[in-house]
Amino acid sequence: MHIHVYERIVLGLTVAILLFALGALGGSVFGSHIHLPGPVGRVDPRTLRQTPPFDSPGVREVRPGQYEAVMIAQTWAFVPAELRVPTGATVTFRVASADVTHGFIIERTDANLTLIPGHVAETTATFREPGTYLILCHEYCGIGHQTMYGRVVVQ
Ligand code: CUA
């Protein structure tokens with residue numbers, strides 16, 4: 001079978017690009033250990049408020065400078081609505097939804113979660129600069145979606 005030279009070039013480029021993309025994917029997963037965030041646990045949204053640690057949401061110090069914040073997302077608020085930590089604190093957020101899918105993004109940090117009902121999501125952020133950091137819901141979750149926010153006050 002005769003394959004035109006231009007077709008050979010295009011086929012060769014296609015295979016080269018495919019191999020490059022697979023190599024980049026393999027390098028990021030196995031070399032740099034980059035993974036999609038997965039749920040760290042499961043919880044029944046109907047009994048979320050009675051299930052530890054979500055029965056007492058809030059922030060607590062686990063080691064000097066290291067904090068754990070337990071939060072509930074619900075239509076249309078975060079519980080608690082405000083967290084206070086000192087400047088330089090590293091905070092691990094454990095967040096779960098009590099109803100529908102919500103988003104969780106903290107401005108000026110890398111914290112960005114999708115809160116799927118039934119899943120416990122976790123992310124960590126360090127607050128080096130004092131100030132107020134807004135926590136926003138970035139998944140449309142109903143008529144009050146745009147009013148759903150919280151804040152981290154760093155002082
Ligand atoms: Cu919660 Cu949008």
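Predicted model, so just to flag it, every value in this text is computed and none were measured. The residues of the chain are indexed from 1 along the displayed sequence. All values below come from the heavy atoms of this structure, side chains included, with hydrogens, waters and symmetry mates left out. When a ligand or atom number is given, it counts from 1 through the structure's own listing order.
- No donor-acceptor distance shorter than 3.5 angstrom exists from the side chain of Arg94 to the backbone of Ala121, with no hydrogens or angles considered.
- With a 4.5 Å cut-off on side-chain heavy atoms, Ile106 and Leu134 do not count as touching.
- For atom 1 (Cu) of ligand 1, protein N/O/S neighbours under 2.8 Å (waters excluded) are His102 ND1, Cys137 SG, Cys141 SG, Met148 SD.
- Partners of Arg108 by side-chain hydrogen bond (donor to acceptor under 3.5 Å, both in side chains), not counting sequence neighbours: none found.
- For Tyr6, the ring pair (Phe, Tyr, Trp, His ring centres under 6.0 Å) test picks out His4, with sequence neighbours left out.
- Screening residues 48-89 for ring-ring contact (aromatic ring centres under 6.0 Å, His included), with sequence neighbours left out, gives Phe78-Phe104.
- Summarising the geometry, atom CG belonging to Leu136 is positioned 7.0 Å from atom CD belonging to Glu107; distances are rounded to the nearest 0.5 Å.
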